Amino acid sequence: VAILTGLDLSWMPLVDGHCHTVVSGELDDSAFEMWCTEASSPPATGASYLDSQLGLALRRWCAPALGLPPGAPLKDYLRVRRELGHQQVLGHLLSSANLSALLVDTGLSGDGMLDVAALGEAAGAEAVEVIRLETLAERVAAAGTATGFAAMFVDALNDALTGGAVAIKSILAYRHGLDIDAHRPTTPEVTAAAGRWIRDRDAGLGRLTDPVLLRFLLWCAVDTGRPVQLHTGFGDRDVSLVRGDPALLQPFCAATQDAGTALVLLHCYPYHRNAGWLAQIYPHVYVDLGLTVTYLGARFTAVVGEFLELAPFGKVLFSSDAYGLPELYLIGAAQLRHGLGRLLGELVDDGAMGSDDAFRVAYQLGGANANRLYQLSATAKVA
Ligand SMILES: [Zn+2]
């Protein structure tokens with residue numbers, strides 16, 4: 001009986017192509033648990049968000065980084081975590097993740113969170129910013145007028161990219177849904193929509209949800225030529241899951257193909273097969289494993305296989321989508337190495353690929369695709 005153990009990828013450094021930052025202070029046990037779920041309510045009686053695939057992965061991969069055996073009970077883990085203190089825990093977990101670069105979406109940053117430079121320092125990795133379109137637009141609108149909005153937004157976006165940001169992020173799925181008209185709005189349409197939005201903002205309705213303006217932001221992002229990351233698939237309860245199906249972006253993929261700007265579909269689950277199809281049929285569409293790789297725990301092995309059913313290997317990217325806890329960077333990285341190693345080992349055993357091909361694919365997903373797409377080495381030289 002063959003025992004499948006998979007390819008050993010434990011040595012491989014990774015580029016984390018989409019993450020956020022971590023809380024900068026101590027957490028009590030219930031706050032810790034709430035960082036381990038997409039829910040916003042406390043768990044039901046008899047349930048815990050850590051009695052889950054994510055909880056198992058946390059005990060498996062993070063306990064050894066804090067000097068405990070793999071799978072140590074949660075109460076032991078949380079006790080050791082408290083004894084070590086925030087700074088030590090951060091250092092142990094991020095260095096164990098072995099990341100060479102982090103792309104940080106700063107749209108969720110703020111008080112009580114580490115800044116991008118401090119996060120990179122703790123990880124011993126290059127950390128670069130990803131600009132969130134809707135947050136930037138809200139900043140611009142707060143300072144401007146309806147007629148000036150479009151030009152001011154373009155300037156602000158270009159300034160952010162000149163300042164070192166390597167990519168752009170869209171949360172269209174949260175603010176409207178991915179089912180948008182694919183066409184670039186006209187200048188009069190944008191000005192009229194900005195006027196409505198600014199009036200609403202003055203009435204206390206600040207969030208940008210207007211589909212004309214959301215489309216305008218996306219087209220501005222496409223114009224820059226930098227990769228555009230789009231939230232798709234699951235997330236917290238603010239997102240409409242069915243309107244987050246990446247297949248809804250097909251008209252936008254078709255409309256932007258000639259521009260050639262890369263569209264990176266983040267998360268994707270449970271529509272990852274739809275996303276893989278888009279990555280196959282549109283040369284500028286990529287898929288990213290973030291959030292899925294952490295939340296699915298050991299089941300990620302099966303799902304990464306499904307991502308790689310249709311998507312060309314050169315268009316699949318790793319990220320953790322870690323937010324809040326340093327554990328989530330390590331879980332993402334460890335689960336990617338393990339799950340991808342298992343999948344590739346199985347394909348080698350089956351005769352589908354040789355081990356040289358298997359290692360090549362591992363390098364592609366682990367960092368080579370991200371280095372090429374986001375031009376990270378060039379950025380490092382500028383910095
Ligand atoms: Zn995210």
Side-chain angles (χ1 to χ4, degrees), residues 16 18-44 47-66 68 72-97 99 102-116 118-119 122-123 127 132 169 171 174 231 233-239 266-267 269 289-298 300 319-336:
D16 190 336
H18 168 64
C19 59
H20 304 274
T21 186
V22 293
V23 291
S24 55
E26 309 288 341
L27 294 168
D28 65 27
D29 291 357
S30 58
F32 181 91
E33 181 178 359
M34 290 311 294
W35 280 107
C36 294
T37 174
E38 290 293 335
S40 45
S41 330
S48 157
Y49 295 124
L50 286 160
D51 189 21
S52 63
Q53 291 289 357
L54 178 61
L56 292 176
L58 185 138
R59 290 163 53 200
R60 178 185 196 176
W61 303 115
C62 300
L66 301 191
L68 290 162
L74 190 64
K75 66 173 178 13
D76 294 353
Y77 182 83
L78 292 173
R79 177 179 49 76
V80 169
R81 197 184 197 282
R82 263 193 309 276
E83 287 166 3
L84 286 170
H86 171 75
Q87 204 54 40
Q88 288 248 21
V89 168
L90 180 69
H92 289 318
L93 293 171
L94 285 182
S95 61
S96 299
L99 303 170
L102 296 96
L103 274 63
V104 187
D105 169 5
T106 50
L108 294 171
S109 304
D111 291 347
M113 309 295 287
L114 232 54
D115 67 27
V116 174
L119 181 71
R132 190 183 279 207
K169 160 96 183 280
I171 53 165
Y174 273 87
H231 175 99
F234 79 123
D236 65 35
R237 68 158 79 164
D238 281 350
V239 81
L266 299 176
H267 320 327
Y269 182 85
L289 308 166
L291 200 64
T292 300
V293 67
T294 46
Y295 269 89
L296 271 61
F300 176 70
S319 78
S320 65
D321 197 19
Y323 177 39
L325 297 182
E327 277 83 356
L328 298 171
Y329 301 81
L330 175 54
I331 294 169
Q335 202 64 61
L336 185 277

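Nothing fancy with the numbering, it's 1 onward along the sequence. The structure presented is a predicted model; accordingly, all values stated were derived computationally and were not measured.
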Legend entry - Passing candidate, side-chain hydrogen bond (donor to acceptor under 3.5 Å, both in side chains) with R81, options E327, E26, H86: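 It is E327, the one option of E327, E26, H86 that forms the side-chain hydrogen bond (donor to acceptor under 3.5 Å, both in side chains) with R81.
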Legend entry - Stepwise side chain to side chain contact (heavy atoms under 4.5 Å, CB included) test for L325 and F32: CA-CA 8 Å; L325 297 182; F32 181 91; 3.7 Å; yes
When rounded to the nearest 0.5 angstrom, what is the spacing between [atom1] in [X] and [atom2] in [Y]?
X: L90; Y: L84; atom1: CG; atom2: CG; result: 12.0 Å
X: T294; Y: L330; atom1: OG1; atom2: CG; result: 11.5 Å
X: I331; Y: S96; atom1: CD1; atom2: OG; result: 12.0 Å
X: L289; Y: S320; atom1: CG; atom2: OG; result: 11.0 Å
X: R60; Y: Q53; atom1: CZ; atom2: CD; result: 10.0 Å
X: Y329; Y: L93; atom1: OH; atom2: CG; result: 11.0 Å

Close side-chain approach of [X] to [Y], heavy-atom, < 4.5 Å:
X: Y323; Y: M113; answer: yes
X: D115; Y: T106; answer: no
X: D29; Y: R82; answer: yes
X: R132; Y: D105; answer: yes
X: L58; Y: L74; answer: yes

Whether the side chain of [X] engages the backbone of [Y] through a donor-acceptor N/O pair (distance < 3.5 Å, no angle test) should be reported.
X: T21; Y: L114; result: yes
X: Y269; Y: V293; result: no
X: H20; Y: A322; result: no
X: H231; Y: G233; result: yes
X: S319; Y: D16; result: no

Legend entry - Test side chain to side chain contact (heavy atoms under 4.5 Å, CB included) applied to V22 and L119, step by step: CA-CA 8 Å; V22 293; L119 181 71; 4.2 Å; yes
Indicate the atoms forming the closest heavy-atom contact of [X] with [Y], along with that distance.
X: S40; Y: R237; answer: OG-NE, 3.1 Å
X: S41; Y: M34; answer: O-CE, 3.3 Å
X: G290; Y: D321; answer: C-CB, 4.0 Å
X: P326; Y: V89; answer: CG-CG1, 4.4 Å
X: Q335; Y: A298; answer: NE2-CA, 3.7 Å
X: P43; Y: S48; answer: CB-CA, 4.2 Å

Inset, instruction - Applying side chain to side chain contact (heavy atoms under 4.5 Å, CB included), run through F234 and Y295 and close with a yes or a no. - result: CA-CA 10 Å; F234 79 123; Y295 269 89; 4.1 Å; yes
Legend entry - Step-by-step side chain to side chain contact (heavy atoms under 4.5 Å, CB included) determination, L54 to L328: CA-CA 9 Å; L54 178 61; L328 298 171; 4.1 Å; yes
